[in-house]
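So the structure is just underneath, and the comments pick up after that.
All values below come from the heavy atoms of this structure, side chains included, with hydrogens, waters and symmetry mates left out.
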Amino acid sequence: MIVRFGYVAMSMELENASPSRTMTMATFSKLPDREAGLRRLERIAEENLHNTLRLLKHNRYMDVQVYRMTSKLIPLATHELLSDWNPYPALADRFAEVGGFIREHQMRVSFHPDHFTVLSTPRPEVYAHSVKDLNHHVTMLEMMGLDERATCNVHVGGTYGNKETAADRFLRQFGQLEERIARRITLENDDKTFTASETLEISEQAGAPMVLDLHHHAVNNPDNEPADKLWTRIARTWDRFGWNGLQQDAGSDANPDQAPGKRLPPKIHISTPRSDKDPRAHADYVDPAPLMRFLLDIAGSTPAIDVMIEAKRKDESLFRLMDELKLLEASGAPLRIRDGASMEVTS
DNA sequence: ACCTGTCAAGTCTGG
DNA sequence: CCAGACTTGACAGGT
């Protein structure tokens, strides 16, 4: 099983490379010239896209193929008071440049719209904002020229005291999304509300791939279901990406969308609890032990998987994990570290 | 250079 | 019904 590792948003190694520079509405509204303010927002966005490209080049150099872009590329992009502003035309070249680099080097990128995007909400205005935010993320991916393998990962949302009706509402409201948006969405199990098995159920019904977060599963798993017992079904939610995660020969070269280079393995998230007292918070680094236990459990049935590391120390935690995995390899663990941020695990 | 309160957005809990 | 917690990187305004 080939395992590729990725990280989120920013680098601890690259200096002055924030892809999330912003401007607050308080500052914007104090500017004397609104048009000049909008141009300033666009300049900040250009800088964020430029730094995203720098991060991608850093990833290329370090052989990191999996990366989650920040949602804050364009400051105030979906703010109510700026609804007349169309930020995309001025940024078209920058988006194309970033997307071109991603395609050229066959990287896997995603977005994770933050928790204000709630498709299970009973409030129409919250749903409308969520759709607007999803549209914003998908528009950025489209401007990068990336196909449906570039996804937006979201949570199912709140439960409002009744998981059943919240899940039904999610499915109904998910069904109302434009195809171009719905086809990009992946669903992640939550650390408080929808568990892995509940999210899986919803993923199957919505036809959206599921991202299994092992940390969330560890802290929100009332029935004590082992993650690997759910894995066969979770992997199948990725079927339409031509690599169902269960057969080496899945996908056909006759279908260009399923050509080997275009397949997309299932993805999981990993992070380590900060402390016993604060088990939901993310630690600086990742403990390899629980991750390796899971990977060894599924290695026999899964040809490839991507692992997104969600630790405070970002790419630094990824590189440290690789070092620790090298030590495990040296001590006889059934794994082989490949170039940079990937490895092969044998069952 | 460094510190602290605040930020556009939602939901949940406790009062 | 409302305030505060949750969580995050970075601004904004201060020293």
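- Phosphate proximity of B/dC12 to A/Y160: absent, as no side-chain N or O sits under 4.0 Å from OP1 or OP2.
- Geometrically, A/R169 engages A/Y160 in a cation-pi contact, judged by NZ or CZ lying under 6.0 Å from the ring centre and within 45° of the ring axis.
- The listed nucleotides are B/dA8, B/dG10, C/dA10; the one nearest the side chain of A/M10 is C/dA10.
- Rounded to an integer number of Å, the gap from NE2 of A/H115 to C1' of C/dA5 is 11 Å.
- At a threshold of 4.0 angstrom between heavy atoms, the contacts of A/A26 are confined to the sugar-phosphate backbone, with no base atom among them.
- For the residue pair A/N153 and A/P113, the shortest heavy atom distance occurs at O-CD, 3.3 Å.
- Heavy atoms only, all atoms of each residue included: A/V118 and A/S130 are closest at N-OG, 3.0 Å.
- Atom CD in A/E310 sits about 15 Å away from atom C1' in C/dG9, given to the nearest Å.
- You'll find the side chain of A/F101 reaches within 4.5 Å of the side chain of A/K57, heavy atoms only.
- Here the side chain of A/V126 is nearest to one of B/dT11, B/dA9, C/dC11, namely B/dT11.
- Between A/K30 atom NZ and C/dC11 atom P there is a gap of 15 Å when expressed in whole angstrom units.
- Rounded to whole Å, the separation between the P atoms of C/dG13 and B/dA8 comes to 12 Å.
- Contact annotation for A/T159: backbone-only contact, meaning every heavy-atom pair under 4.0 Å involves sugar-phosphate atoms and none involves a base.
- Heavy atoms of A/K132 sit nowhere under 4.0 angstrom from any nucleic acid atom.
- As a whole-Å value, the separation of A/W85 CH2 from B/dA8 C1' is 13 Å.
- Nucleotides B/dC2 and C/dT8 are separated by 24 Å at their P atoms, to the nearest Å.
- With B/dC12, B/dA8, B/dT11 as the choices, the nucleotide that has an atom nearest any side-chain atom of A/H79 turns out to be B/dA8.
- Comparing A/K192 and A/K314 by the nucleotide of DNA chain C that holds the closest heavy atom to each, the one mapping nearer the 5' end is A/K192.
- You'll find the side chain of A/N135 reaches within 4.5 Å of the side chain of A/I181, heavy atoms only.
- For the P atom pair drawn from B/dT11 and C/dG9, the interatomic distance equals 23 Å after rounding to whole Å.
- Among all heavy-atom pairs drawn from A/T193 and A/D190, the shortest one is N-OD1, 3.1 Å.
- Neither OP1 nor OP2 of B/dC12 sits under 4.0 Å from any side-chain N or O of A/T193.
- Considering A/H216, A/H215, A/E310 as possible partners of A/H269, the one that fulfils the side-chain hydrogen bond (donor to acceptor under 3.5 Å, both in side chains) test is A/E310.
- Using a 4.0 Å heavy-atom distance criterion, A/T121 is classed as a sugar-phosphate-only contact.
- If you take atom C1' in C/dC6 and the same atom in B/dC3, they sit 23 Å apart, rounded to whole Å.
- Between A/P288 and A/E324, the shortest heavy-atom contact is CD-OE1, 3.3 Å.
- Whole-Å rounding puts the A/M25 CE to B/dC7 P distance at 13 Å.
- Listed by residue number, the members of residues 11-21 of chain A with any heavy atom below 4.0 angstrom from DNA chain C are A/S18, A/S20, A/R21.
- Computed from coordinates, the A/R280 CZ to C/dC6 C1' distance equals 8 Å when rounded to whole Å.
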- Note on the structure: Read 5' to 3' with Watson-Crick or G-U pairs under 3.5 Å, [ ] for crossing pairs and | for partners on another strand, DNA chain B gives |||||||..||||||
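- Stacking between A/F116 and B/dA9 is shown: the ring centroid lies under 5.5 Å from the centre of the six-membered base ring, and the planes differ by under 30°.
- If you measure from atom CZ of A/R123 to atom P of B/dG10, you get 6 Å, rounded to the nearest angstrom.
- Within the structure, side chain to side chain donor-acceptor pair (under 3.5 Å) pairs that include any residue of residues 2-18 of chain A comprise A/R4-A/D306, A/Y7-A/N59, A/S11-A/D315 (at least two apart or interchain).
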- salt bridge (Lys or Arg N to Asp or Glu O under 4.0 Å) assessment of A/R184 paired with A/E148: CA-CA 6 Å; A/R184 300 256 188 191; A/E148 287 173 3; over 6 Å; no
- Test A/H155 against A/H112 for ring pair (Phe, Tyr, Trp, His ring centres under 6.0 Å), laying out the working first. CA-CA 9 Å; A/H155 294 261; A/H112 195 343; 5.4 Å; yes
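- What separates NZ of A/K312 from C1' of C/dT8 is a distance of 7 Å, to the nearest Å.
- When heavy atoms are screened at a 4.0 angstrom cut-off, A/L81 is found touching no nucleic acid atom at all.
- Here B/dG10 is the nucleotide among B/dG10, B/dA8, B/dC12 with the atom lying nearest to any side-chain atom of A/H129.
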